[in-house]
Amino acid sequence: MEPIAMAIKFSDLSPAEQQEYRERMRHSAAHVLAEAVTKLFPGALLTIGPPIDDGFFYDFAVPEPFTPEDLAKIELEMRESIKANTEFVERETSRDEALELVRDNPYKVEILEGIPADERVTFCSHSDGAFEDLCRGGHVERTGDIRAYKLLSTAGAYWRGNENNTMLQRVYGTAWESRDAQKEYLQRREEAEKRDHRKLGRALDLFFFDPIAPASPFFLPKGAQVLNSLIGYVKELYQKYGYQEVMTPQIFNTDLWRKSGHLEAYAENMYFVDVDDREFGVKPMNCPAAAMLFQADARSYRELPMRLADFGRLHRNERSGVTQGLFRVRSMVQDDAHIFCTFEQIGQEISAFLEMLAESYGALGLEGHRFELSLRPEKRVGTDEMWDQAEAILTELLDNSGQAYTAEAGEGAFYGPKIDIFVPDALGRDWQLGTVQLDFSLPERFDLEYAAEDGTRKRPVVIHRAMYGTLERFLGVLIEHLAGAFPLWLAPVQVVVVPIADRHNDFCRTVGEKLRAKGLRVEVDDSSDRMNSKIRQAQLKKVPYMLVAGDREIEAGAVAVRSRTGEDLGAKPIDEVLELLIEQVATRH
RNA sequence: GCCCUAGUGGCGCAGUGGUAGCGCAACUGAUUUGUAAUCAGUAGGUCGGGGGUUCAAAUCCUCCCUAGGGCUCCA
């Protein structure tokens, strides 16, 4: 590949060209980093150094991990190369020569051996050959074209991402076409940190964690209120879309998990308890319980589709290093439901689900989500015919939905294909929320049957589905999207009534009672603080509305309405305010 | 699970071998105030847990627990 020069201004490039340019610059920065590390740590072995979103990294095999001080030194060393403004040069070599050059580096040898026979093998250098790296190419013209860069962090990373391999030391950095662009990016990161749901969870009194129950949130009254409002909304949708709610036990005799296959495939993530010499497993999923409910009676085709919703609490013993705030917990609730239906009903069921999902995401203004279709994996149950048909149905539905999606071959569960919905957090990391999965296995394992119209006994299909998925995770993503400012219908405290002086307290309490009687969540701040302070408190807690009352308002039977955006909506009669609030809650605005 | 970093009153932090501190919050009193912080006082900590070094440990060593960043983006 030919180097790209900064011959024209970055801002004149098309978005695609800008993307390309940044990738080249970041990849080039990774090379400069690699050279700096080689100079400072002579024994370090180079492995890979690709551009990534917003930056680059390079993985090194070194005996000792890098310290923060090392990082500073490396950054200074990089400055020298960039100041020198030397040219990036690529040269093609024979395989034999390449092998000779990387002989002492098993990682590079492995990379080299992985290059297809019909591809060129190239090395690149930006220091007149003094430092060379096996490289596919794609650079800027000169080191000086890396206008802004910064090393951000170090981390351990397995070679090839496989935990059975050696752990390498990764250095993360960022690089930009200008100092301003970099500054903007770093500020964006800082802003994102302010939205971190773990910080806001504390600040807004929503939840906390304690080592006594690792990775298991304690929801404070306000956090529980938000979750319950969400669940209430989901229940409304269930009513509309024909679901029935069920409740099932928390722990089951291990026999059930043996039957469902979880004991074999999922035991390491489960909690077990021994009671009276019998072993029980705490449920990590609701599916087997749903299957038992289906089996509880002789089923007819007339009952299908049967949609059973279960908000049961689940426990999964996630590996210690992967838990993360509310995003990945060990104790959770899902808006989970299982649909038992005929094969012919799959299409309409999933279609209705996608409709309900769009409705619910729309209600929360969730943007930036993407769909992923996961197709058959190597190891699977069910016939090829079933997979052919099921995949065709899902593909057609997605095509017709107009929703952009990606199809991932081999990513499906062993028991069926699925569609996952991913939503990014404040830092742009994607999290799977919604999902709809076909299951060809559960009906077999539980020998589920229904009486068909012609009197024969047939096997139903099971569809697992959730819109918000794990509600803990969903809440985390939602907090970051909204920066903690919940819409009125979700806000744990919807209104704070603020008396200006003590003599206004009684009036404000009356206002509070009036709103509360209509189902609004109201607090009256009758503390001895000044009004300014009360407003500030309410602002910090992101309460949607503050109703201020002093002599003037009492005289008029009104309250002065202030929104958390700082907007002064003026004095309004209490009944009018009440009506506005109720309307806003009802329409979920 | 693995690598790095961290753990000090409810929360946010300072304190690197010699008497545990600050801000916010809490509590008490005073103040009664017009849209983001009124003033004064009081109380609160076995410094994540165990073991060790030392005359002396929040501080040094060691094991464990928990949290944060990262571990599929290929030369």
Side-chain angles (χ1 to χ4, degrees), chain A residues 23 26-27 30-31 34 46-53 55-59 62 64-68 70-71 98 102 105 107-115 119-124 133-138 152-172 193 196 198-199 202-203 205 208-215 268 318-325 411 427 429 498-505 527-540 546-553 560-564 566-571:
Chain A
E23 277 177 18
R26 287 164 185 165
H27 178 58
H31 278 295
L46 306 180
T47 67
I48 59 166
I52 53 174
D53 289 346
F56 60 92
F57 68 74
Y58 208 113
D59 285 347
V62 280
E64 293 291 320
F66 298 116
T67 63
D70 291 340
L71 217 58
V102 302
N105 184 332
Y107 305 99
K108 290 288 184 188
V109 170
E110 193 180 318
I111 291 164
L112 187 61
E113 284 168 351
I115 299 175
E119 255 181 55
R120 307 185 322 146
V121 171
T122 52
F123 280 76
C124 83
D133 198 359
L134 180 65
C135 172
R136 186 173 53 180
L152 298 175
S153 58
T154 58
Y158 295 105
W159 168 239
R160 301 283 197 200
N162 184 331
E163 65 187 37
N164 297 318
N165 292 342
T166 333
M167 176 154 282
L168 307 171
Q169 292 304 317
R170 177 171 295 182
V171 175
Y172 280 99
E193 274 171 34
D196 187 319
R198 289 163 301 200
K199 285 187 184 170
R202 257 295 179 189
D205 304 316
F208 66 90
F209 288 90
D210 188 281
I212 206 72
E268 61 180 22
E318 300 285 355
R319 301 168 89 197
S320 60
V322 304
T323 60
Q324 202 184 77
E411 288 295 305
L427 285 172
R429 296 175 295 202
V498 177
I500 288 177
D502 279 357
R503 64 177 180 280
H504 311 127
N505 282 357
S527 68
S528 62
D529 290 331
R530 291 170 50 175
M531 181 206 54
N532 284 346
S533 171
K534 294 177 186 180
I535 300 256
R536 181 180 146 82
Q537 294 308 321
Q539 284 289 148
L540 290 175
M546 286 143 261
L547 306 182
V548 182
D551 293 335
R552 295 203 299 266
E553 286 75 19
V561 183
R562 178 195 160 103
S563 76
R564 79 183 148 204
E567 204 180 351
D568 185 355
L569 303 174

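Quantities reported herein were computed from a predicted structural model and do not represent experimental measurements.
Atom name C1', nucleotides B/rU19 and B/rG45: the rounded distance is 15 Å, in whole Å. Here, B/rA14 and B/rC4 have their C1' atoms 24 Å apart, quoted to the whole Å. For the P atoms, the distance linking B/rG68 with B/rU53 amounts to 35 Å, nearest Å. The same atom, P, is picked in B/rU59 and in B/rA20; the two are 13 Å apart, to the nearest Å. B/rG23 sits 39 Å from B/rC64 when the P atoms are compared, rounded to a whole Å. Across the C1' atoms, B/rA58 and B/rG48 are found 12 Å apart, a figure rounded to whole Å. The gap from the C1' atom of B/rC55 to that of B/rC60 amounts to 16 Å, rounded to the nearest Å. With both ends at atom P, the span from B/rC74 to B/rG17 equals 48 Å, rounded to whole Å.
Remark on RNA chain B: of its neighbouring residues A/Leu112 and A/Val561, the 5'-side contact belongs to A/Val561, judged by nearest-heavy-atom nucleotide. Nearer the 5' end of RNA chain B, as judged by each residue's closest nucleotide, is the contact made by A/Thr67, out of A/Glu119 and A/Thr67.
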**Message:** Between A/Glu193 and A/Arg198, is the salt bridge (charged side-chain N to carboxylate O under 4.0 Å, His left out) condition met? List the steps.
**Reply:** CA-CA 10 Å; A/Glu193 274 171 34; A/Arg198 289 163 301 200; over 6 Å; no
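Here the side chain of A/Pro214 is nearest to one of B/rU66, B/rC73, B/rC71, namely B/rU66. In this structure, the nucleotide among B/rC74, B/rU35, B/rA37 sitting nearest to the side chain of A/Arg136 is B/rC74. Side-chain proximity of A/Ser533 to the nucleotides B/rC73, B/rC3, B/rU38 is greatest for B/rU38. Of the candidates B/rC74, B/rG34, B/rC4, the closest approach to any side-chain atom of A/Arg552 belongs to B/rG34. For A/Pro65, whose side chain is taken as the heavy atoms from C-beta onward, the closest listed nucleotide among B/rC71, B/rU35, B/rC3 is B/rC3.
Nucleic acid contact class of A/Arg429 (heavy atoms, under 4.0 Å, all strands): sugar-phosphate only. Here A/Val121 lies out of heavy-atom contact (under 4.0 Å) with every strand. Within the 4.0 angstrom heavy-atom criterion, only backbone atoms of the sugar-phosphate kind lie near A/Gln324; the bases stay farther away. The residue A/Gly325 sits close only to the backbone: its heavy atoms come under 4.0 Å of sugar-phosphate atoms, none of a base. Here A/Ser320 lies in heavy-atom contact (under 4.0 Å) with a base. Within 4.0 Å of A/Ala155, counting heavy atoms only, lies at least one base atom of the nucleic acid. Nucleic acid contact class of A/Arg562 (heavy atoms, under 4.0 Å, all strands): base. Among the heavy atoms of the strands lying under 4.0 Å from A/Tyr172 are primed sugar atoms or P, OP1, OP2 only; no base atom is included. Nucleic acid contact class of A/Gly156 (heavy atoms, under 4.0 Å, all strands): base. At the heavy-atom level, A/Asp210 lies nowhere under 4.0 Å from the strands shown. If you check every strand for non-hydrogen atoms under 4.0 Å, A/Ala560 touches a base. Nucleic acid contact class of A/Arg319 (heavy atoms, under 4.0 Å, all strands): base.
Taking every heavy atom of both residues into account, A/Ile115 and A/Glu119 meet most closely at CG2-CB, 3.8 Å. Nearest heavy atoms, A/Gly550 versus A/Ile500: CA-CD1, 3.8 Å.
For B/rC55, the paired base is B/rG18 (Watson-Crick or G-U wobble, both distances below 3.5 Å). In this structure B/rU5 sits in a base pair with B/rA67, meeting the Watson-Crick or G-U test at under 3.5 Å. Within the shown strands, B/rG41 is the pairing partner of B/rC27 under the Watson-Crick or G-U definition, both distances less than 3.5 Å. Under the Watson-Crick and G-U wobble criteria, each requiring two contacts below 3.5 Å, nucleotide B/rA36 is left unpaired. If you check B/rC47 for Watson-Crick or wobble pairing at under 3.5 angstrom, you find it has no partner at all.
Between the side chain of A/Lys108 and the backbone N or O of A/Thr47 there is at least one donor-acceptor pair closer than 3.5 Å. A donor-acceptor pair under 3.5 Å is formed between the side chain of A/Lys534 and the backbone N or O of A/Ser527. Counting only distance, with no hydrogens or angles, the side chain of A/His27 and the backbone of A/Gly138 share no donor-acceptor pair below 3.5 Å. Remark: the backbone N or O of A/Leu46 is paired with a side-chain donor or acceptor of A/Asn105 at under 3.5 angstrom.
If you measure from atom NZ of A/Lys199 to atom P of B/rG10, you get 21 Å, rounded to the nearest angstrom. As rounded to whole Å, 15 Å separates atom P of B/rC71 from atom CG of A/Asn165. Atom CZ of A/Arg26 is separated from atom P of B/rC73 by 17 Å (rounded to the nearest Å). As a whole-Å value, the separation of A/His27 NE2 from B/rC74 P is 11 Å. One interatomic measurement links the two molecules: CD of A/Gln169 to C1' of B/rC2, which rounds to 11 Å at whole-angstrom precision. As a whole-Å value, the separation of A/Arg536 CZ from B/rA25 C1' is 12 Å. One atom, CD of A/Glu163, and another, P of B/rC2, lie 10 Å apart when rounded to the nearest Å. Taking atom CD on A/Glu567 and atom C1' on B/rU35, their separation rounds to 13 Å, with Å as the unit.
Judged purely by distance below 3.5 Å, without hydrogens or angles, the side chains of A/Asp59 and A/Tyr158 never pair a donor atom with an acceptor atom.
Evaluation of atom-type donor-acceptor distances gives no pair under 3.5 Å for the side chain of A/Glu193 against the base of B/rG68. The base of B/rG1 lies close enough to the side chain of A/Tyr158 for a donor and an acceptor atom to sit less than 3.5 Å apart.
Considering only side-chain N and O atoms, A/Arg198 lies under 4.0 angstrom from the phosphate OP1 or OP2 of B/rG69.
The pair A/Glu110-A/Arg160 meets the salt-bridge criterion, since a charged nitrogen lies less than 4.0 angstrom from a carboxylate oxygen. A salt bridge links A/Asp551 with A/Arg503: the closest approach of a Lys/Arg side-chain nitrogen to an acidic carboxylate oxygen falls below 4.0 angstrom.
The side-chain contact (heavy atoms from CB on, under 4.5 Å) test applied to A/Ser563 returns A/Tyr545, A/Thr565, A/Glu567, not counting sequence neighbours.
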Report all interatomic pairs (protein N or O, nucleotide N or O of nucleotides 26-32 of chain B) with separations under 3.5 Å.
{"residue": "B/rU32", "atom": "O2", "partner": "A/Asp502", "partner atom": "N", "Å": "3.0"}
{"residue": "B/rU32", "atom": "N3", "partner": "A/Asp502", "partner atom": "OD1", "Å": "2.8"}
{"residue": "B/rU32", "atom": "N3", "partner": "A/Asp502", "partner atom": "OD2", "Å": "2.9"}
{"residue": "B/rU32", "atom": "O4", "partner": "A/Asp502", "partner atom": "OD1", "Å": "3.3"}
{"residue": "B/rU32", "atom": "O4", "partner": "A/Asp502", "partner atom": "OD2", "Å": "2.4"}

